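Please read the structure below before turning to the comments.
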Amino acid sequence: MPKLYEYKGFIFFLYSNEHLPPHVHVTKGSVKIKVEFLEVAGATWTDLKEEKKKFTASQKRDIQDFVDNYREQILKKWDIVFVEKKKPKFEKIDKI
């Protein structure tokens, strides 16, 4: 389970047996969400897929803001793990 980032107590990570579309899992305590990176007709966006326990609206904004600012880096780390078969560098981010 490669950890990619920590931001405001959120842990952004991948599972070792992931599938397409590219996505990242986010957890804080026992709450989890999956953020998918989608592209259709040249437009890109993220889709947040929640589990039973849900993040607050404020927490989801923090996650979305982080993903918006780190989209390219997250996708590069996806390639490092699943294309290059290497371990990505973990980073603790204090401010975006």
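Values in this document were obtained by computation on a predicted structure and should not be read as measured data.
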Residues, nucleotides or ligands: over 12 heavy atoms within 6.0 Å of Lys28 NZ: yes
Extract all donor-acceptor atom pairs below 3.5 Å that involve side chains of residues 81-96 and protein atoms in other chains or at least two apart in sequence.
from: Lys85; atom 1: NZ; to: Phe82; atom 2: O; distance (Å): 3.3
from: Glu91; atom 1: OE2; to: Lys77; atom 2: NZ; distance (Å): 2.9

Residues that Lys8 engages under salt bridge (charged side-chain N to carboxylate O under 4.0 Å, His left out), provided they are two or more places apart: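 Checked Lys8 against salt bridge (charged side-chain N to carboxylate O under 4.0 Å, His left out); matches are Asp62.
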Salt bridge (charged side-chain N to carboxylate O under 4.0 Å, His left out) involving Lys34 - partner list, sequence neighbours excluded: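 Once residues adjacent in sequence are excluded, the partners of Lys34 under the salt bridge (charged side-chain N to carboxylate O under 4.0 Å, His left out) criterion are Glu36.
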Aromatic centroids of His23 and Phe37 separated by under 6.0 Å: no
Would you compute the distance between atom [atom1] of [X] and atom [atom2] of [Y] and round it to the nearest 0.5 angstrom?
| X | Y | atom1 | atom2 | value |
| --- | --- | --- | --- | --- |
| Thr27 | Lys3 | OG1 | NZ | 11.0 Å |
| Lys76 | Leu4 | NZ | CG | 14.0 Å |
| Phe13 | Glu18 | CZ | CD | 8.5 Å |
| Lys60 | Asp65 | NZ | CG | 13.5 Å |

Heavy-atom side-chain contact between Val26 and Ile11 under 4.5 Å: no
Val24 reachable from Ile80 in the ILVMFWY side-chain graph, under 4.5 Å edges: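 No, separate clusters.
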Under the ring-ring contact (aromatic ring centres under 6.0 Å, His included) test, residues paired with Tyr70 that sit two or more places apart: Tyr5, Phe66
Residues Phe10, Phe55; criterion side-chain contact (heavy atoms from CB on, under 4.5 Å); working and verdict: CA-CA 11 Å; Phe10 299 104; Phe55 285 111; 3.7 Å; yes
Full working for side-chain contact (heavy atoms from CB on, under 4.5 Å) between Tyr7 and Ile63: CA-CA 9 Å; Tyr7 173 68; Ile63 292 167; over 6 Å; no
Those residues that, when tested against Lys53, pass side-chain contact (heavy atoms from CB on, under 4.5 Å) (two or more places apart): Ser30, Val31
His25 and Tyr15: CA distance, side-chain angles, deciding distance, ring pair (Phe, Tyr, Trp, His ring centres under 6.0 Å) verdict: CA-CA 8 Å; His25 298 271; Tyr15 286 111; 4.6 Å; yes
With sequence neighbours excluded, residues passing side chain to side chain donor-acceptor pair (under 3.5 Å) with Ser16: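 Result, side chain to side chain donor-acceptor pair (under 3.5 Å) vs Ser16: none returned.
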